[in-house]
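A short worksheet on the structure shown next.
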Protein chains: 2
Amino acid sequence: MKSFLSRFEMFLHGKGLRLTAQRAEVLRCIYRTHRHVTAEELFEMLRRKGDRSISRATVYRTLSLLEEGGFVDALSVGRDQGLRYEHTLGHEHHDHMVCQECGKILEFHSEAIEAAQDAVAAEHGFKVTSHRLNMFGHCADCQAAGKVPKDADESTDESSTSSHEHAG
Amino acid sequence: MKSFLSRFEMFLHGKGLRLTAQRAEVLRCIYRTHRHVTAEELFEMLRRKGDRSISRATVYRTLSLLEEGGFVDALSVGRDQGLRYEHTLGHEHHDHMVCQECGKILEFHSEAIEAAQDAVAAEHGFKVTSHRLNMFGHCADCQAAGKVPKDADESTDESSTSSHEHAG
DNA sequence: GTGCATGCAAAATTTTTGCAAGTTG
DNA sequence: CAACTTGCAAAAATTTTGCATGCAC
């Protein structure tokens, strides 16, 4: 399969743009990490490697291109700082479990969920082009470390029905 | 069922805070619209109604409270301006299908999806406290109205220059 | 009264842009 | 050489905070 770099290069060429050293570096950097990074974090990662000077402006500009080409997704949930970016290729369809204790993000893929989604969409005559599923909670590690109240404390609400809290 | 306002009031009381006219206004305003609004948009909506002076700061502060209480979700996708907020429509669980043509939001609930989610989470030892599922695409009406290209562009080939929406 | 809430404006953050200089084909 | 690019710094946009005043209990 084509490398991400050459895909990016083709995308750029299609727009009459060039694959420069800086752009390549940004792409490599974001494809190397599996975290969801902010532009600022990315900028610092690039700075630390330091062999090449890169400016914030270039990071932002490249991120825009990458997003436009579908190489990264920009997404921010809750009151974080800024947008967080994640690469998309090689990770075609995945969803997220976000640990509210340590911030860790587990990516997963479930055919069962996909199938169920398609079924519901079909029921409503809805044609799905993309979707985003994020589950928030506590990862196994944080539960083991006892950072999480046992089961009972979870419902801080008045009339808790059996099911858990949800974000729509 | 309890009104959103009284729920919010209870939430505030639990924290030793008060339900003020401004806070109520922000809540009403965001529950009245079905769009995903930014803080700035909300501020302007409130300003336009104008019967009550409200400051940006109060909008932001109230939004934080609402989010903390689970009355709204903050989420930003792609290169928008800032976070967008949406009401959660009570605490009943539902997910969203968002039509990219007309902006309509269909709410739905699927036990099959819930079950599949719980199963995956359990597999990973992850304890879910909340989740959010948004499916983007085209609603039945817009398809019928022919606003949507027939082509189901599923292939992710590098040579394609089509602007294909991507979501993690 | 006491303490929470508000508005304002200033400050802090995050992102975009203008421009001169550097690169690439 | 004629674009396209970059870095820098200034500008713009977004969000938070300090503080004096105003309100609710």
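Lettering follows sequence order; numbering is per chain, from 1. Only a predicted model underlies this, so the values are computations on that prediction, with no experimental measurement involved.
- Distance Arg47(A) CZ to dT6(D) P: 14 Å, rounded to the nearest Å.
- Contact annotation: Thr20(A) does not reach the phosphate of dT5(D) (side-chain N/O to OP1 or OP2, under 4.0 Å).
- Remark: side-chain polar atoms of Arg47(B) are paired, donor with acceptor, to backbone N or O of Ile54(B) under 3.5 angstrom.
- To the nearest angstrom, P of dG7(D) lies 11 Å from CZ of Arg23(A).
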Contact pattern, 5' to 3', of nucleotides 10-17 of chain D - B, S or - by protein heavy atom under 4.0 Å = ----SBBB
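- Close to dG7(D), at under 4.0 Å from its OP1 or OP2, lies a side-chain N or O of Ser53(A).
- Remark: C1' of dC4(D) and CZ of Arg18(A) are 4 Å apart, rounded to the nearest angstrom.
- Under the 4.5 Å side-chain heavy-atom criterion for Ile, Leu, Val, Met, Phe, Trp and Tyr, Phe11(B) and Tyr60(B) are members of distinct hydrophobic clusters.
- Between Cys29(B) and Val26(B), every side-chain heavy-atom pair lies at or beyond the 4.5 Å cut-off.
- To the nearest angstrom, P of dT6(C) lies 12 Å from CG of Leu46(B).
- Here the rule is side chain to side chain donor-acceptor pair (under 3.5 Å) with His36(A), and of Glu41(A), Arg84(A), Glu86(A) only Glu86(A) fits it.
- With rounding to whole Å, Leu12(B) atom CG is found 16 Å from dC23(D) atom C1'.
- OP1 or OP2 of dG7(D) sits under 4.0 Å from a side-chain N or O of Gln22(A).
- The CZ-P distance, from Phe43(B) to dG7(C), rounds to 9 Å in whole Å.
- The distance between atom CD of Glu9(A) and atom P of dC4(D), rounded to the nearest whole Å, is 16 Å.
- You'll find that the side chain of Ser55(A) is closest to dC8(D), out of dT5(D), dC8(C), dC8(D).
- Of the possible polar contacts, one joining the Gln143(A) side chain to the Gly125(B) backbone as a donor-acceptor pair under 3.5 Å is found.
- At least one side-chain heavy atom of Met97(B) sits under 4.5 Å from a side-chain heavy atom of Val120(A).
- Remark: aromatic rings of Phe71(A) and Phe4(A) are distant, center separation not under 6.0 Å.
- Summarising the geometry, the separation between NE2 on His13(B) and P on dG3(C) is reported as 17 Å, rounded to the nearest angstrom.
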